[in-house]
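Structure first, then comments.
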Amino acid sequence: MSNDSTITLQYPIEKEEYIKLFSLSPMIRKLKYFVIVADILLTVISYFFVQFVSAFRLKEEMVLFDLDFFIVCTISFFILCAYTLYKYKKIINKQGEEYYEERYSDECIFNLEYDKSIGEFLIKNRNQKLPADNQMKILKTERTLFVYWRKDMKGKMSLIPRYGDSDHVSKLNVILNDLQLRKKVKFKETPNKI
């Protein structure tokens, strides 16, 4: 790698920013939708089970739609969703904290290198290469860039602060301009308060 095509950034990783990075990762977001679908299935199965047991006990024909019971099930569904999403968020935050402590408690400075000639990131702390291709997605907030590569279990993630000294900001702008010229990387603006 030639020095003039390589840009090196060194910066600290903040715990709160890493937890946001973790909770917004594509795999974790898929799990969130899985939890909601599981809540829907649990509510529907419970509704029909109670209807079946009620009809069997009273020796009557099963009623598929009972308005009063449907309203109770709908309210139960929203309560169940609120509870499971609350627990889900707590679990994800705890898991993000554990990953942060595991990866960055000893290393306070994160080393990221970008090679403009081949369009590739190198995370020096983990010795991982991330090509700037169509599998990369960057979420922009006011303070941070959340970088995700791939959406599956083997996906990688990183973050780059948008603030810092003038050298850091100018290097970051050069990287962003190069990524936008390549037109393979997906960018998405997100609100800072997530």
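Please read all numbers here as calculations on a predicted model, not as lab measurements.
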Please answer whether the main-chain N or O of [Y] pairs with a side-chain N or O of [X] as donor and acceptor at a distance below 3.5 Å.
| X | Y | value |
| --- | --- | --- |
| Lys188 | Lys137 | no |
| Tyr11 | Leu159 | yes |
| Tyr114 | Leu176 | no |
| Thr141 | Thr190 | no |
| Asn177 | Asn173 | yes |
| Lys171 | Thr8 | yes |

So Val185 and Asp133, do their side chains get closer than 4.5 Å, heavy atoms only?
no
Tell me, do Lys129 and Phe121 make a side-chain contact under 4.5 Å, heavy atoms counted?
no
Residues that, via side-chain heavy atoms closer than 4.5 angstrom, fall in one hydrophobic cluster with [X]:
| X | value |
| --- | --- |
| Leu41 | Val37 |
| Tyr163 | none |
| Leu80 | Leu42 |

Is the closest basic N to carboxylate O distance between Glu14 and Arg143 below 4.0 Å?
yes
Between Arg162 and Glu142 (salt bridge meaning N to carboxylate O under 4.0 Å), is one present in this structure?
no
Residue pair Glu17 / Thr144, side-chain donor-acceptor N/O under 3.5 Å:
yes
Quick one: ring pair (Phe, Tyr, Trp, His ring centres under 6.0 Å) partners of Phe77, sequence neighbours excluded?
none
Which residues share a ring pair (Phe, Tyr, Trp, His ring centres under 6.0 Å) with Phe187, sequence neighbours left out
none
Return each pair, listed once, that meets ring-ring contact (aromatic ring centres under 6.0 Å, His included) where at least one residue sits in residues 24-61; pairs must be two or more places apart or across chains.
Tyr47-Phe69
Interatomic distance, Ser117 atom OG to Asp178 atom CG [nearest 0.5 angstrom]
9.5 Å
Tyr18 and Tyr99 aromatic centres sub-6.0 Å
no
